[in-house]
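No experiment lies behind these values; they were computed from the predicted model shown. Quick note: residue numbers are just sequence positions, from 1.
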Amino acid sequence: MVLYFTSNVVSPPVTIYMGRDKFENEDLIKHGFPEDFHVDKLSSAHVYVRLQVGQTWLDIPEEVVQDCAQLVKANSIEGNKKGNVTIIYTPWDNLKKTPGMETGQVTFHNLKKVKRVHVKERVNAIFNRLNKTKEERQVDFIYEKVQREKIDRKSSREQEFQEKERVRELAEESRKAQQEIQDLFSTENMRSNQRSAEDDSDDDFM
């Protein structure tokens, strides 16, 4: 079972979820979404944020980061007893699993994409607010990943279509501008030729 929470400190609310133990954490590591935001430092506490399509981990409001950090602390046997702990967080695609690692253990591809947040103490008001929204769900990780990939492909096709339409519009605008310039020069040439013809007529008359 996966534990789901709702952070309503922002609008629209954000879904936060975590594995109940290190074995479920292993499944979350394997089947995260591109926008999943991973918060982890202390034993058996892996918290993820389900971002909106197009968002990145850098878009997450500080209030949501604090909610995640409090969940990590409260759901760690070791961390819950300590003060002044540091929680690290990183995008899901920066998680790295290597042979020989223990279940639920990870490292990172790029340490520059790892941030830290200091948690002085457990804030019961935050934990209780989140805990009131807690739901346990049985999750088909593969099915959810496949459905999300379908959404991503559709979004990619729509973006590609929009880009092609924009290129077409720019090309049409450029063509019209070129045509207007040509028409302008053609009009000026006609006027110039007309004046020349009138001047020649005057010379003949004299």
Side-chain angles (χ1 to χ4, degrees), residues 1-77 79-80 85-95 104 106 108 113-156 158-159 162:
M1 301 293 284
V2 177
L3 304 178
Y4 283 83
F5 305 84
T6 300
S7 175
N8 52 22
V9 292
V10 293
S11 182
V14 173
T15 297
I16 300 173
Y17 62 102
M18 59 184 292
R20 180 177 287 280
D21 54 37
K22 62 182 181 180
F23 298 102
E24 286 186 345
N25 286 335
E26 194 74 16
D27 287 331
L28 296 178
I29 292 168
K30 291 179 182 177
H31 303 291
F33 287 9
E35 292 81 14
D36 280 351
F37 161 84
H38 173 75
V39 183
D40 172 39
K41 177 61 176 179
L42 305 170
S43 60
S44 298
H46 292 246
V47 175
Y48 292 80
V49 176
R50 181 58 47 83
L51 303 180
Q52 300 296 321
V53 175
Q55 281 188 314
T56 74
W57 70 304
L58 299 177
D59 300 324
I60 300 177
E62 178 62 26
E63 298 90 340
V64 177
V65 172
Q66 290 298 327
D67 278 4
C68 293
Q70 285 292 326
L71 278 178
V72 171
K73 178 175 171 56
N75 287 279
S76 170
I77 296 174
N80 195 37
V85 298
T86 299
I87 308 298
I88 58 176
Y89 61 98
T90 190
W92 170 80
D93 61 5
N94 194 40
L95 299 179
V106 294
F108 310 105
K113 294 177 68 175
V114 176
K115 290 195 173 187
R116 291 167 174 79
V117 57
H118 176 256
V119 179
K120 182 179 180 181
E121 59 187 1
R122 170 170 165 164
V123 180
N124 286 327
I126 294 178
F127 177 74
N128 292 338
R129 167 172 53 79
L130 292 169
N131 212 37
K132 288 179 180 178
T133 69
K134 182 172 70 173
E135 297 180 22
E136 293 189 28
R137 304 180 196 170
Q138 188 70 43
V139 179
D140 185 335
F141 295 103
I142 296 177
Y143 174 80
E144 284 206 351
K145 191 68 177 289
V146 169
Q147 294 304 308
R148 178 49 187 270
E149 289 174 349
K150 288 181 180 179
I151 294 174
D152 288 341
R153 287 195 295 270
K154 180 180 178 181
S155 176
S156 178
E158 290 175 349
Q159 291 178 1
Q162 292 173 358

Drop me the distance from [X]'s [atom1] to [Y]'s [atom2], to the nearest 0.5 angstrom.
{"X": "Tyr48", "Y": "Ile16", "atom1": "OH", "atom2": "CD1", "result": "14.0 Å"}
{"X": "Ile126", "Y": "Asn131", "atom1": "CD1", "atom2": "CG", "result": "13.0 Å"}
{"X": "Tyr17", "Y": "Leu3", "atom1": "OH", "atom2": "CG", "result": "12.5 Å"}
{"X": "Glu63", "Y": "Cys68", "atom1": "CD", "atom2": "SG", "result": "12.0 Å"}
{"X": "His46", "Y": "Asn75", "atom1": "NE2", "atom2": "CG", "result": "12.0 Å"}

Shortest non-hydrogen contact from [X] to [Y]?
{"X": "Val14", "Y": "Val10", "value": "CG2-CG2, 3.6 Å"}
{"X": "Ala69", "Y": "Ile87", "value": "CB-CG1, 4.0 Å"}
{"X": "Phe5", "Y": "Leu130", "value": "CD2-O, 3.3 Å"}
{"X": "Leu28", "Y": "Trp92", "value": "O-NE1, 3.6 Å"}

Sorted by chain and number, sequence neighbours left out, side-chain hydrogen bond (donor to acceptor under 3.5 Å, both in side chains) with Gln66 holds for Glu62
Sorted by chain and number, sequence neighbours left out, side-chain hydrogen bond (donor to acceptor under 3.5 Å, both in side chains) with Gln138 holds for none
In short, side-chain hydrogen bond (donor to acceptor under 3.5 Å, both in side chains) pairs touching residues 2-15 with sequence neighbours left out are Ser7-Asp67
Can you check whether Phe127 reaches Leu71 side chain to side chain, under 4.5 Å on heavy atoms?
-> yes
**Asked** Are side-chain heavy atoms of Val2 and Met18 found at a separation under 4.5 Å?
**Response** no
Extract all donor-acceptor atom pairs below 3.5 Å that involve side chains of residues 117-124 and protein atoms in other chains or at least two apart in sequence.
from: His118; atom 1: NE2; to: Asn84; atom 2: OD1; distance (Å): 3.2
from: Arg122; atom 1: NE; to: Asn124; atom 2: OD1; distance (Å): 2.8
from: Arg122; atom 1: NH1; to: Asn80; atom 2: OD1; distance (Å): 3.2

Sorted by chain and number, sequence neighbours left out, salt bridge (Lys or Arg N to Asp or Glu O under 4.0 Å) with Glu135 holds for Arg137
Those residues at least two apart in sequence (or on a different chain) that pass side chain to side chain contact (heavy atoms under 4.5 Å, CB included) with Lys113 are Trp57, Thr90, Pro91, Asp93, Asn94, Asn110
Practice item. Step by step, work out the side-chain contact (heavy atoms from CB on, under 4.5 Å) result for Val65 and Lys115. Key: CA-CA 11 Å; Val65 172; Lys115 290 195 173 187; over 6 Å; no
